[in-house]
Amino acid sequence: MNNTPGAKPHVLILGGGAVGLSTAESLQKALGSEVAITVVDSRPYLTYQPFLPEVGAGSIDPRNVLAPLRKALPGAKVVTGTVSKISHEAKTVAVDIQGGAPLEISYDYLVVGLGSVPRTLPIPGLAENAIGFKWVEEAVAVRDRITAALAEAASTKDAEARKRLLTFTFVGGGFAGAEALAEVQDMVSDTLRYYPDLHAADVRFVLVEAMGRILPEVGEELGLYALKQLRERGIEVKLETFLNSCEGGHVKTSDGDEFDSSLIVWTAGIKPNPILAESDLPLNQTGRLDCLADLRVKDENGPLHSVFAGGDCTTVPDLASGEGKVCVPNAQHATRQGKRIADNIVRSIQGRPLVDYFHKNLGTMATLGLYKGVGTLMLGDRKVEVKGLPIWAMARAYHVYAMPTLPKKAAVVGGWISQALGRRDIIGIPESSTPRKAFELAASSTPKKK
């Protein structure tokens, strides 16, 4: 605690995602100007990740899934930088600022919501040729590459080049992979009406999954239903199959198949943010922070009284699911954990007892393209399985509700209405990744001054 007379307690929040934003918002509501809040993140916005598949499919404008931290948290200090070291013994955090001098920030209370990063494997060609699907720029790039591939394929007479251009590979059949693949396949099917030289049979979508099922989060029966739906749409799903290599875009899988692919999307798991290893905070064998039920980080001697954590980088007891269970890494838990962390910080400041985190699962939903989806809903103690249009509509409604800030909610819904009236936009902007290319080309053709 800051012992300076009249000083406000300083809460330092690492990560501006679901945990960080909900913690900061709840603290501001509870204490207002009585607390100093600093949020550190490498991006100055929250990315609402459940909407990324629709960004990749052109159903939602990319900026509408981003909540600017400075607008969402007026009065809080937002530092755009990367955490490089956490020293709890000294109660300081080192932050690297691009183009500026590093910062050292001290705190009274620390909230760790650093999330996760893709879990990659040492597969030949993966790092050079694949793309993830965790951030908005990745979802935009996937859409741009697919639309560019369609345009190029419609213009070429080279059969092998066309085959490569129209082959799209996704690795990982969990929520991220299955939803992203289903959405972009839906987009391509809709877009082909504008390409009379291309046919559905020309396009190959491949899903590579190491397990014997997809979407394990929704249960076995709904997973089988989703698998059947994807295969009926012409998507090639390879179960119990591994990606062996993808050098130069040439994909080799463990079932002996080989093919060239213009796009390889990697969604095969996550791991806790490696920044945690650069700290003196205690980590468990999975590289995560162990938390008590009240969301304080613990070590072998008990809780660290001024350090709280939540989200993907933690192991938190799931009191609603029974002894020994831990909270699954999803936005439903992360947002609510942030609110509980804020309440417990307020309680700590005021000298009141802390309260354990308890949240009963509301259900699990996955969208599989326009008007399609699967999911389970918890009605009391009863689990109800839902398919098709009803669960798709419920998923959209829930995510609009959960999307931070009213203007962003309105923008998402407005975009859906516009799309329903005029069909989805088929324009991609692949050159957005190299915006100076046209200018550099023009400059290179300008005669040199003698």
Side-chain angles (χ1 to χ4, degrees), residues 49-50 52-53 56 115-135 138-139 142 167-185 204-274 285-288 312-313 315 326 328-330 364-369 373-376:
Q49 293 178 347
L52 290 185
S116 59
V117 300
R119 175 174 54 83
T120 58
L121 299 173
I123 297 171
L126 181 67
E128 296 81 8
N129 297 289
I131 186 171
F133 205 86
K134 187 174 175 61
W135 303 108
E138 294 174 326
V142 166
T167 300
F168 311 112
T169 306
F170 287 69
V171 185
F175 262 119
E179 286 192 311
L181 169 58
E183 290 284 353
V184 298
Q185 189 273 340
R204 184 184 185 190
F205 277 96
V206 182
L207 175 61
V208 180
E209 169 53 50
M211 295 176 60
R213 57 193 287 197
I214 65 169
L215 291 173
E217 302 92 340
V218 300
E220 186 173 357
E221 186 175 332
L222 287 179
L224 288 172
Y225 171 82
L227 176 63
K228 181 173 179 287
Q229 291 291 307
L230 295 183
R231 283 177 167 165
E232 287 179 351
R233 289 160 60 177
I235 296 172
E236 187 177 337
V237 183
K238 295 175 175 287
L239 299 178
E240 298 181 331
T241 305
F242 299 92
L243 176 67
N244 286 347
S245 69
C246 56
E247 292 178 291
H250 184 71
V251 174
K252 295 182 181 180
T253 56
S254 61
D255 61 355
D257 197 7
E258 293 188 34
F259 53 90
D260 291 328
S261 182
S262 65
L263 176 69
I264 301 164
V265 182
W266 178 268
T267 64
I270 58 173
K271 64 181 180 181
N273 197 312
Q285 60 186 7
T286 70
R288 292 175 171 82
D312 294 0
C313 66
T315 300
V326 297
V328 297
N330 61 26
T364 306
M365 300 176 286
T367 57
L368 299 173
V374 294
T376 59

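Of the inter-residue distances, the one linking Leu243 atom CG with Trp266 atom CH2 reads 6.0 Å to the nearest 0.5 angstrom. For the atom pair Leu215 CG and Leu368 CG, the distance stands at 6.5 Å (nearest 0.5 Å). Taking CG from Leu263 and CZ from Phe170, the interatomic distance works out to 5.5 Å, rounded to the nearest 0.5 Å. Taking CD1 from Ile235 and CG from Leu207, the interatomic distance works out to 8.0 Å, rounded to the nearest 0.5 Å. How far CG of Leu224 is from CD1 of Ile214: 9.0 Å, rounded to the nearest 0.5 Å. In this structure, CG in Asn273 is found 11.0 Å from CZ in Arg288, a value given to the nearest 0.5 Å.
Using a 4.5 Å heavy-atom cutoff, the side chains of Val184 and Phe205 are in contact. Residues Arg233 and Gln185 form a side-chain contact, since some pair of their non-hydrogen atoms from C-beta on lies under 4.5 Å apart. The closest side-chain heavy-atom distance from Ile270 to Val117 is not below 4.5 Å. Contact of the Asp260 side chain with the Val251 side chain is not registered, since no non-hydrogen atoms from C-beta on lie closer than 4.5 Å. Two residues are said to be in side-chain contact when any heavy atoms from C-beta on lie closer than 4.5 Å; Lys238 and Glu209 fail this criterion. Put simply, the side chain of Trp135 reaches to within 4.5 Å of the side chain of Gln49, judged on heavy atoms. Within the 4.5 Å cutoff, no side-chain heavy atoms of Val265 are placed close to those of Val171.
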**Message:** Does Leu222 form a side chain to side chain contact (heavy atoms under 4.5 Å, CB included) with Thr376? I'd like the steps, not just the answer.
**Reply:** CA-CA 9 Å; Leu222 287 179; Thr376 59; 3.7 Å; yes
**Asked** Checking side chain to side chain contact (heavy atoms under 4.5 Å, CB included) for the pair Met211/Glu240: CA distance, chi angles, key distance, verdict?
**Response** CA-CA 5 Å; Met211 295 176 60; Glu240 298 181 331; over 6 Å; no
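Checking side-chain atoms of Thr364 against main-chain N and O of Val218 turns up no donor-acceptor pair under 3.5 Å. In this structure, Arg231 contributes its side chain and Glu236 its backbone to no donor-acceptor pair below 3.5 Å. In this structure, the side chain of Glu183 does not engage the main chain of Pro53 through any donor-acceptor pair within 3.5 Å. Panel note: side chain Thr241, backbone Val208; no donor-acceptor pair is recorded below 3.5 Å. Judged by distance alone, the side chain of Asn129 and the main-chain N or O of Cys246 form a donor-acceptor pair under 3.5 Å. At distances below 3.5 Å, at least one donor-acceptor pair connects side-chain atoms of Arg119 with backbone N or O atoms of Ala268. Judged by distance alone, the side chain of Asp257 and the main-chain N or O of Thr253 form no donor-acceptor pair under 3.5 Å.
By the 6.0 Å and 45° rule, Arg204 does not stack over the aromatic ring of Phe168.
Nearest heavy atoms, Phe175 versus Glu217: CE1-CB, 3.2 Å. The shortest non-hydrogen separation linking Pro216 to Gly173 is CD-O, 4.4 Å. In terms of heavy atoms, Ala366 sits closest to Glu179 at CA-OE2, 3.2 Å. Taking each heavy atom of Ala176 and Thr267 in turn, the nearest pair found is CB-CB, 4.1 Å. Nearest approach of Pro272 to Gly287, heavy atoms of both residues: CG-O, 3.5 Å.
No hydrogens or angles considered: a donor-acceptor pair under 3.5 Å links the side chains of Ser116 and Lys134. Side-chain atoms of Ser261 and Thr169 form a donor-acceptor pair, as typed in the model, at a separation below 3.5 Å.
Annotation for Glu232: atom CD counts as buried by contact number, over 12 foreign heavy atoms lying within 6.0 Å. Dense packing is recorded around CD of Glu128, with more than 12 heavy atoms of other residues, nucleotides or ligands lying under 6.0 Å away.
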